[in-house]
Trainee: 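Below you will find the structure I want to go over with you.
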Amino acid sequence: DTGVSQNPRHKITKRGQNVTFRCDPISEHNRLYWYRQTLGQGPEFLTYFQNEAQLEKSRLLSDRFSAERPKGSFSTLEIQRTEQGDSAMYLCASSSLVGTARDNQPQHFGDGTRLSIL
Amino acid sequence: GNSVTQMEGPVTLSEEAFLTINCTYTATGYPSLFWYVQYPGEGLQLLLKATKADDKGSNKGFEATYRKETTSFHLEKGSVQVSDSAVYFCARKAAGNKLTFGGGTRVLVKP
């Protein structure tokens with residue numbers, strides 16, 4: 001059983017550069033979520049997809065951030081013109097719609113991508 | 001709004017001690033509740049869950065009971081091990097299926 005896979009594990013970049021992260025969810029999982037976690041805090045929701053449709057975006061997701069899930073499988077999160085405040089762990093999670101309690105299926109998390117802005 | 005509050009850490013215990021981590025949530029409807037654990041350098045792993053009032057979630061010796069009357073979901077373990085050292089997050093399901101997390105509680109178990 002392969003879990004949620006995120007690449008890269010670590011990304012170091014200079015302020016102002018663009019970065020892109022990839023998330024491969026558990027196979028057959030319809031829902032995919034992005035969260036951001038800063039040091040010493042709990043994860044904060046950014047956005048989520050059901051299949052290829054982006055159904056919700058947090059206010060945290062400024063216009064420098066864009067997420068896609070073009071074929072309803074893997075997803076990418078791009079940050080343009082990175083700022084110091086973007087330094088964080090970016091977590092991806094997926095969940096299934098299969099089952100009698102569809103909305104209560106647990107989210108399974110990847111190991112995250114740690115972004116450091118110099 | 002939807003929020004989760006959990007006790008701040010770090011919590012330092014000796015091996016075989018009793019562990020309790022308090023968690024309370026805002027009462028908007030009857031959300032599903034979760035405990036996740038995060039080991040160093042890793043992502044979050046689901047520890048246990050409860051989907052309705054009075055449900056008890058349990059896993060690996062950990063337990064938590066969904067208490068509607070006190071809007072709480074405290075995590076307990078009767079005898080901790082060094083391998084239980086981690087950060088524990090309480091979470092509730094919010095509208096739109098996203099999770100709202102507490103700030104996390106670091107637990108350190110000493111031999």
Side-chain angles (χ1 to χ4, degrees), chain A residues 1 3-7 9-10 21 23-26 29-51 53-61 89-97 99-114, chain B residues 1-11 21 23-25 29-53 55 57-59 64 66 73 75 86-107:
Chain A
D1 177 30
V4 177
S5 175
Q6 292 188 246
N7 289 288
R9 288 296 308 276
H10 304 276
F21 312 138
C23 171
D24 287 88
I26 292 172
H29 276 193
N30 306 81
R31 289 180 170 169
L32 185 148
Y33 313 80
W34 286 99
Y35 293 84
R36 182 171 68 187
Q37 184 180 21
T38 53
L39 200 61
Q41 303 296 317
E44 296 174 295
F45 170 79
L46 293 178
T47 187
Y48 97 93
F49 294 82
Q50 183 164 307
N51 300 313
Q54 188 173 18
L55 297 188
E56 187 174 350
K57 293 193 291 186
S58 163
R59 292 171 300 175
L60 293 175
L61 212 67
M89 175 78 86
Y90 289 84
L91 295 168
C92 177
S94 68
S95 69
S96 171
L97 282 176
T100 57
R102 299 195 319 176
D103 285 341
N104 289 328
Q105 297 301 309
Q107 295 180 23
H108 299 265
F109 284 80
D111 286 341
T113 294
R114 181 170 295 284
Chain B
N2 301 315
S3 68
V4 175
T5 303
Q6 61 182 104
M7 61 188 285
E8 289 189 17
V11 175
I21 304 176
C23 171
T24 57
Y25 63 94
Y30 300 100
S32 294
L33 301 172
F34 306 83
W35 277 100
Y36 281 83
V37 59
Q38 187 174 36
Y39 298 101
E42 298 183 11
L44 280 70
Q45 298 176 23
L46 178 66
L47 184 58
L48 53 83
K49 68 174 184 176
T51 58
K52 60 183 187 295
D55 264 3
S58 61
N59 186 27
Y66 192 140
F73 192 55
L75 182 69
V87 182
Y88 293 82
F89 292 94
C90 184
R92 59 161 286 167
K93 189 70 69 72
N97 209 49
K98 60 182 176 282
L99 292 173
T100 299
F101 288 87
T105 302
R106 182 175 298 279
V107 172

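Fair warning: this is a prediction, and the values are worked out from it, not measured in the lab.
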Trainee: Could you check A:Tyr48, A:Phe109, A:Phe45 and say which one makes a side-chain contact (heavy atoms from CB on, under 4.5 Å) with B:Leu99?
Mentor: A:Phe109
Trainee: Measuring heavy-atom distances to chain B, does A:Arg114 have an atom under 4.5 Å in its side chain, in its backbone, in both, or in neither?
Mentor: neither
Trainee: Enumerate donor-acceptor pairs with a distance under 3.5 Å from any side-chain N or O in residues 36-43 of chain B to protein atoms, sequence neighbours excluded.
Mentor:
residue	atom	partner	partner atom	Å
B:Tyr36	OH	A:Gln107	N	3.4
B:Tyr36	OH	A:Gln107	O	2.8
B:Gln38	OE1	A:Gln37	NE2	3.1
B:Gln38	NE2	A:Gln37	OE1	3.2
B:Gln38	NE2	B:Glu42	O	3.1
B:Glu42	OE1	B:Gln45	NE2	3.2

Trainee: With sequence neighbours left out, write down each residue that passes side-chain hydrogen bond (donor to acceptor under 3.5 Å, both in side chains) with B:Trp35, or none if nothing qualifies.
Mentor: none
Trainee: Which bit of A:Thr47 is near chain B, if near means a heavy-atom gap under 4.5 Å: side chain, backbone, both or neither?
Mentor: neither
Trainee: Rounded to the nearest 0.5 Å, how far apart are OG1 of B:Thr100 and CD of A:Glu44?
Mentor: 10.0 Å
Trainee: What part of A:Leu91 is in contact with chain B, defined as an atom under 4.5 angstrom from a non-hydrogen atom: side chain, backbone, both or neither?
Mentor: side chain
